[in-house]
Structure formats: C-alpha cells, structure tokens
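Shown below is the structure under consideration.
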Amino acid sequence: MASGSGSLMWFRKGLRIHDNPALEDAAKGTRFLYPVFVIDPHYMEPDPNSFSPGSPRAGLNRIRFLLESLVDLDLSLKKLGSRLLVLKGEPSEVLIRCLKEWDVTKLCFEYDTEPYYQALDVKVKTYASNAGIEVFSPVSHTLFNPADIIHKNGGRPPLTYQSFVRLAGQPSWASSPLSITVSSLPHVGDVGSCEISEVPTIEELGYGESPQDGFSPFRGGESEALKRLRKSIADKVWVATFEKPKGNPSAFLKPATTVLSPYLKFGCLSCRYFYQCLQDVYRNVKRHTSPPVSLVGQLLWRDFFYTVALGTPNFDQMRGNRICKQIPWNDNDELLAAWRDARTGYPWIDAIMVQLCKWGWMHHLARHSVACFLTRGDLFVHWEKGRDVFERLLIDSDWAINNGNWLWLSCSSFFYQYNRIYSPISFGKKYDPNGDYIRHFLPVLKDMPKEYIYEPWTAPLSVQTKAKCIIGRDYPKPVVPHDSESKECRRKMAEAYTLNQKLKGVVSEEDLKNLRRKLEEHPEQEGKSKRTRQKPVG
DNA sequence: TTGTTGTTGTGAGT
DNA sequence: ACTCACAACAACAA
C-alpha cells in the first residue's frame with residue numbers, strides 16, 4: 001500500500017474490538033486508520049411528537065445505550081492509540097464526504113441484512129467503486145451468512161427452525177480461533193475540514209433532564225457486554241441446563257435469561273465469540289441442553305430470523321408478505337393506546353408494559369403475553385402497531401427478530417395455533433402468585449391482597465379502599481373482558497384462516513373488507529357464550 | 001394423501 | 001409432576 005494512504009473503518013453495529021473482521025482488515029497494512037461513527041439525526045435527535053421521549057425512531061433508553069456503547073468503543077480505541085471519529089448527518093452523504101476529503105484507499109464495514117443498511121450500503125459502495133476505493137464488508141453480525149443459506153435452499157429461506165438448522169450445519173469458523181484481542185491500531189490520519197466531535201452526551205443531543213426511575217438498569221458497551229458474558233457462563237450448571245421456555249418471566253431482580261440481547265443487537269458482543277464460549281462450557285460438562293431450547297439454540301433462532309427476514313420481501317408488513325397470513329385486524333387507536341400506555345386494566349399486562357417503558361427490556365415470555373394480548377388474544381389490533389411500539393422502546397430491538405416474533409405471536413406466520421391464548425390473569429400467576437412483579441412495576445397496586453392482584457376489579461370495595469386503590473379511579477377497569485373477547489378473537493382467526501386457505505394466501509384488500517363486514521354482521525350468537533359481557537371502560 | 005412435528009396455553013383431573 | 005380435552009393449524013416428509 002502506498003505510503004500516506006489510509007483505511008476507513010465505518011462502525012454501525014459491531015461496536016466492539018473483539019472478533020471484528022472489518023476492523024482487523026482495515027487496520028492491516030495501512031498507515032492511517034479512520035474509525036468513524038455517523039450520528040444520523042433521524043435516529044438520534046429529539047422528536048417532540050413521539051409518544052415517548054426519544055427520536056423519531058428510537059426511545060431514549062436505546063439512544064442512551066448506543067451512546068454508552070460509543071463512549072466505551074472510543075475508550076478502547078484510545079487505549080490502542082486511536083479514537084472514534086464522530087460525525088453528524090445523513091450517513092451516506094457524510095461517508096462520501098469523508099472518502100473525498102481523506103486519503104483513503106480502503107473502506108471496511110460489517111455487512112448488514114437490514115433493508116435500511118442494504119439501501120445505504122449500495123449508495124456508499126457505488127461511490128467507492130467509482131472512486132477506486134476497495135470495499136471490504138464481511139459477515140460478522142450473525143453465525144452464518146444468511147445469503148448462503150438462502151442460496152443452499154434454492155433461493156428461498158427455510159421457513160422452519162429445524163430445516164434452518166439442517167441447512168446451516170456447523171459454522172465455518174466453529175473450530176478455528178477467533179481474533180479476540182488487538183494490541184495496537186494505526187494512527188488517525190489528517191481529518192481535513194471534516195467536522196469531528198467527541199461522542200455526544202444525551203443532553204448535547206437536546207434531551208433535557210430525564211426522570212431517574214425511567215432509566216434502564218442495563219449499561220451499553222463492549223466492556224459491559226464481556227463482563228455480563230463472563231458472569232453468565234461462569235455458572236456452568238446454569239448454562240448446561242438452560243431451557244428457554246422454562247424461564248420465569250416475572251423475575252426482575254435477577255432476570256431468568258442472560259440479557260445479552262441488547263449487546264448482540266449493537267454488536268457490543270460478537271455472537272460468534274458467545275457461541276464459542278458456550279461450546280467451551282458444553283465440552284466441560286457431562287450433559288447439556290440442546291437447540292432449540294439451549295443457549296446455543298437461542299443464537300440459532302437469531303440467525304433463523306435474520307435469514308427469513310433477508311429472503312422475504314416486505315417481511316415487516318402484512319400486505320405483500322408472502323409468508324404472512326392476511327387477517328382483518330382492528331384499527332382501534334384507543335385500544336392500542338391503552339395497551340401502549342399500560343392502562344388495559346390487566347395488571348400483568350400493564351406491569352410488563354411499564355417494564356418495557358422503564359427498562360427497555362423484559363423477559364421473552366412477558367413479551368409473548370403482551371403481544372398475544374394486543375393481537376390475536378384480546379384486542380385484535382394489528383401486529384404492525386405493536387411491532388412499532390416494541391421497535392421504539394426495546395433496547396435490544398432488532399429488525400429481523402422483532403418482526404419475526406410479532407409474526408409468530410400474532411399467528412401470522414411460523415406459528416399457527418391461535419387457540420393457544422395466554423391468559424392475562426393466570427399466566428403470570430403461575431410464576432408469581434404473590435404478584436411481586438406487579439407490585440414493583442405498578443406501585444398503585446402494591447397493597448392489593450394477592451387474592452385480587454391479578455384481577456383487582458373483582459376485589460370488594462372495602463378491600464380496594466384498604467389497599468388505597470379504587471378500581472376505575474386509581475387503576476383502570478379492564479379495557480375489554482378477556483373471557484368473551486378471547487373467544488371472539490378465536491372466531492375471527494378461524495374465519496380469517498379459512499379465507500386464506502380458500503384463496504391460497506392471495507387475499508386482496510377487498511377480500512379483507514368483506515370479511516370484516518361478515519364478522520360484524522354475524523357477531524357472536526346470543527347464548528353461545530355463557531359469560532355476560534363486562535362493560536368496557538369508557 | 002397421510003402422518004408427524006412443532007421452543008414456551010388453559011383448566012381440570014390425577 | 002403428569003395427563004387429558006379443548007379444537008385444531010401449517011410445513012414437511014413419506
């Protein structure tokens with residue numbers, strides 16, 4: 001390489017030093033290295049019109065998590081003789097300006113399957129190749145290359161976990177050592193007239209003082225990720241016996257899972273390094289659980305959703321999505337708002353939504369409970385609406401996985417047993433009969449006796465008075481009656497499935513409109529349901 | 001065409 | 001802890 005030339009390492013996800021092939025390649029045989037992160041105002045700057053504090057796209061918790069991750073990355077780079085160059089603006093414009101301004105012959109960044117990056121990367125790659133700049137964009141965010149798996153399957157993604165696992169086999173790097181440490185990095189070259197800043201604080205981005213109790217207990221960054229990883233894998237018995245469906249969704253003092261998802265999302269933790277650490281544990285124990293329920297199984301689920309998402313046009317919507325059942329969801333903004341703002345009147349559901357809002361994280365089964373409740377279980381609201389709320393508020397929200405799970409839970413794809421509905425009352429009770437989880441996240445109910453805490457509207461007024469929580473005043477009545485509404489949802493799902501089957505999945509807007517009309521013209525027959533309808537809260 | 005399988009339901013009964 | 005009825009789906013393999 002000619003002297004005076006440099007490489008540009010463009011960080012997006014993959015906010016780490018360990019197992020970072022793009023960074024490794026960028027640093028190799030170059031005199032100068034420009035480690036860049038571009039702050040996209042659309043992702044980072046305050047939007048006063050959103051329903052929660054944050055930008056148009058991200059809630060404040062995730063923005064803060066990202067900033068912490070960037071500070072940690074900058075610190076690590078500084079220890080290696082470099083630093084993070086933070087720039088602001090539309091990412092492709094900023095990147096192209098840098099490439100023009102700086103003496104750069106190579107551009108490195110981690111390959112990304114999300115539509116947003118696919119579109120962005122085309123722009124940047126086109127410029128680079130016209131300018132004679134070499135581009136290196138390795139796959140390191142997933143265990144496998146999703147495109148390879150789709151190719152192996154004849155151009156279409158596998159649609160079941162088992163077929164995915166069969167096709168995937170062992171990762172190519174499974175038994176070769178990953179590059180975990182970096183001893184030093186080339187200096188940063190002259191940055192010319194490009195406006196470089198330090199990692200901004202949340203205040204510098206324009207966010208005012210935030211309520212202390214609204215802050216997620218999870219700190220961002222690679223250092224934190226590795227600390228958390230070590231702590232998780234130190235308990236070999238726990239790792240070896242881990243079974244996802246058996247976790248306790250109401251455990252919040254000590255969550256029942258690793259809570260490594262936000263670190264995997266931003267790439268603070270390499271999924272490949274995590275995988276190898278787990279294999280090390282498995283080698284040293286007599287027996288261990290296996291996919292799909294084991295911890296390695298969870299990483300495979302992640303790759304599964306990435307693969308289906310890449311190979312499915314319009315994966316994030318119902319219309320035009322060939323794997324998605326067409327269902328005549330309600331367009332009821334009041335029900336949606338009640339769910340989103342934790343005032344459905346079902347304490348188990350509302351406590352989970354409070355945890356989502358405050359922590360940006362909740363247990364997998366808790367996510368199931370509220371997603372089922374919003375869609376096919378009770379409210380029959382469109383899964384895309386719930387997806388949007390999760391996408392904004394979760395610190396680990398991941399485009400492929402979030403959409404995949406909403407498709408799953410709404411019985412739109414992957415999973416179809418719409419009769420299996422999580423009860424907003426008994427599901428939580430099974431794990432937490434005393435209601436400690438509810439008491440913690442909904443303090444208004446903290447003195448409600450455990451006999452009534454999952455169904456406070458059934459408590460006698462004297463009990464409500466004593467608990468200093470009058471239902472309908474201090475805490476809402478149920479927004480819909482679960483017994484009758486869940487039956488109604490089952491009926492609608494059955495009708496919708498029949499229609500999808502009849503039309504072989506090709507369901508037009510008109511067909512859905514007709515079905516909506518039919519469902520309303522022939523409501524639940526009188527006397528079919530033994531329950532009397534509770535009056536909804538008005 | 002048929003049988004098997006699918007990470008994670010509820011409520012009642014043993 | 002396990003079983004069953006509930007009412008029953010799609011994907012895949014044979």
Side-chain angles (χ1 to χ4, degrees), chain A residues 153-154 156-167 241-251 255-258 261 288-305 307-308 311-312 321-327 346 348-349 352 362-373 375-378 401 404-431 433 454-455 482-505 507 528-531:
Chain A
N153 199 40
R156 290 217 168 181
L159 294 176
T160 64
Y161 182 80
Q162 294 303 341
S163 59
F164 169 82
V165 169
R166 262 198 309 278
L167 277 164
T241 57
F242 183 93
E243 282 185 70
K244 185 66 163 277
K246 292 199 176 157
N248 178 353
S250 70
T257 53
T258 61
S261 53
H288 60 82
T289 52
S290 297
V293 297
S294 65
L295 278 170
V296 160
Q298 306 314 304
L299 286 174
L300 292 168
W301 276 108
R302 180 172 174 272
D303 264 53
F304 168 68
F305 282 127
T307 306
V308 185
T312 307
N321 179 347
R322 68 170 177 240
I323 68 167
C324 183
K325 289 253 181 284
Q326 304 299 304
I327 293 166
Y346 289 94
W348 170 247
I349 299 297
I352 294 167
M362 66 282 208
H363 186 273
H364 187 64
L365 290 177
R367 300 181 193 202
H368 278 213
S369 282
V370 295
C372 178
F373 185 85
T375 58
R376 67 182 169 84
D378 290 85
I401 298 170
N405 277 313
W406 277 96
L407 283 164
W408 185 295
L409 259 299
S410 63
C411 284
S412 296
S413 196
F414 307 115
F415 176 79
Y416 308 95
Q417 280 168 266
Y418 55 76
N419 281 306
R420 295 187 184 172
I421 292 173
Y422 291 88
S423 162
I425 296 149
S426 44
F427 186 72
K429 211 186 266 179
K430 181 166 72 179
Y431 299 96
Y454 284 88
E455 301 165 271
H482 171 68
D483 282 330
S484 58
E485 285 308 294
S486 60
K487 279 201 184 81
E488 184 65 5
C489 284
R490 282 187 171 101
R491 186 178 75 94
K492 289 180 189 166
M493 290 299 284
E495 293 276 4
Y497 267 48
T498 306
L499 183 69
N500 276 265
Q501 199 171 37
K502 201 175 85 189
L503 299 176
K504 295 187 167 59
V507 181
K528 200 179 168 187
S529 163
K530 280 174 227 126
R531 306 270 168 179

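Residue numbers begin at 1 in each chain, while the letters A, B, ... track the order of the sequences.
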*Passing option when A:Ile352 is tested against A:Pro424, A:Ser369, A:Ser250 for side-chain contact (heavy atoms from CB on, under 4.5 Å)*: A:Ser369

*Go along nucleotides 4-14 of chain C 5' to 3' and tag each nucleotide: B for a protein heavy atom under 4.0 Å from its base, S when only backbone or sugar atoms are that close, - otherwise.*
----SBSSSS-

*asked:* Quick check on side-chain contact (heavy atoms from CB on, under 4.5 Å): which of A:Lys487, A:Glu488, A:Met493 does A:Arg491 satisfy it with?
replied: A:Glu488

*Send over the distance from A:Phe427 CZ to B:dG9 P, rounded to a whole Å.*
8 Å

*Ring centres of A:Phe427 and A:Tyr346 under 6.0 Å apart?*
no

_Rounded to whole Å, please give me the gap between CD in A:Gln162 and P in B:dT5._
11 Å

*Is there any side-chain hydrogen bond (donor to acceptor under 3.5 Å, both in side chains) pair reaching into residues 420-431 of chain A, and which pairs are they, with sequence neighbours excluded?*
A:His368-A:Tyr422, A:Ser423-A:Ser426

*Rounded to the nearest Å, what distance is computed from the CG atom of residue A:Asp483 to the P atom of nucleotide B:dG9?*
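For the pair A:Asp483 CG and B:dG9 P, the rounded distance is 19 Å.
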
_A:Ser294 side, atom OG; A:Glu243 side, atom CD - distance, nearest 0.5 Å_ = 9.0 Å

*If the C1' atom of C:dA10 is compared with that of B:dT10, how far apart are they to the nearest Å?*
22 Å

_What is the distance, to the nearest angstrom, from the NZ atom on A:Lys244 to the P atom on B:dT7?_
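So the two atoms are 13 Å apart, to the nearest Å.
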
*For A:Trp301 and B:dT7, say yes or no: do the ring centres fall under 5.5 Å of each other while the ring planes differ by less than 30°?*
yes

*Could you state the atom-to-atom distance from CG of A:Leu407 to P of B:dG6 in whole Å?*
21 Å

*Write down the distance between CG (A:Leu409) and P (B:dT7), rounded to a whole number of angstrom.*
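Answer to the nearest Å: 14 Å.
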
*Just say parallel, tilted or perpendicular for the rings of A:Phe304 and A:Trp301, cut-offs at 30° and 60°.*
perpendicular

*Answer yes or no: is there a donor N or O on one side and an acceptor on the other, between the side chain of A:Ser412 and the main chain of A:Cys324, under 3.5 Å?*
no

*CE of A:Met493 versus P of B:dG9: gap in Å, rounded?*
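It works out to 15 Å between those atoms.
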
*B:dG9 phosphate, OP1 or OP2: any side-chain N/O from A:Ser426 under 4.0 angstrom?*
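So the side-chain polar atoms of A:Ser426 never come under 4.0 Å of the phosphate oxygens OP1 or OP2 of B:dG9.
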
*Can you name the closest pair of heavy atoms from A:Ile349 and A:Val370 and give their distance?*
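Here A:Ile349 and A:Val370 meet closest at O-CG1, 3.8 Å.
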
*Counting a pair only when it is Watson-Crick or G-U and both distances are under 3.5 Å, which runs of at least 3 such pairs involve DNA chain C?*
B:1-6 with C:9-14, B:9-14 with C:1-6

*Distance between the C1' atoms of B:dG3 and C:dA8, in whole angstroms?*
15 Å

*asked:* What is the distance, to the nearest angstrom, from the CZ atom on A:Phe242 to the P atom on B:dT7?
replied: 15 Å

*How many angstroms lie between atom NE2 of A:His482 and atom CD1 of A:Ile425, to the nearest 0.5 angstrom?*
6.0 Å

*Looking at A:Lys430, does any N or O in its side chain come under 4.0 Å of the phosphate oxygens OP1/OP2 on B:dG11?*
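No, no such contact exists.
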
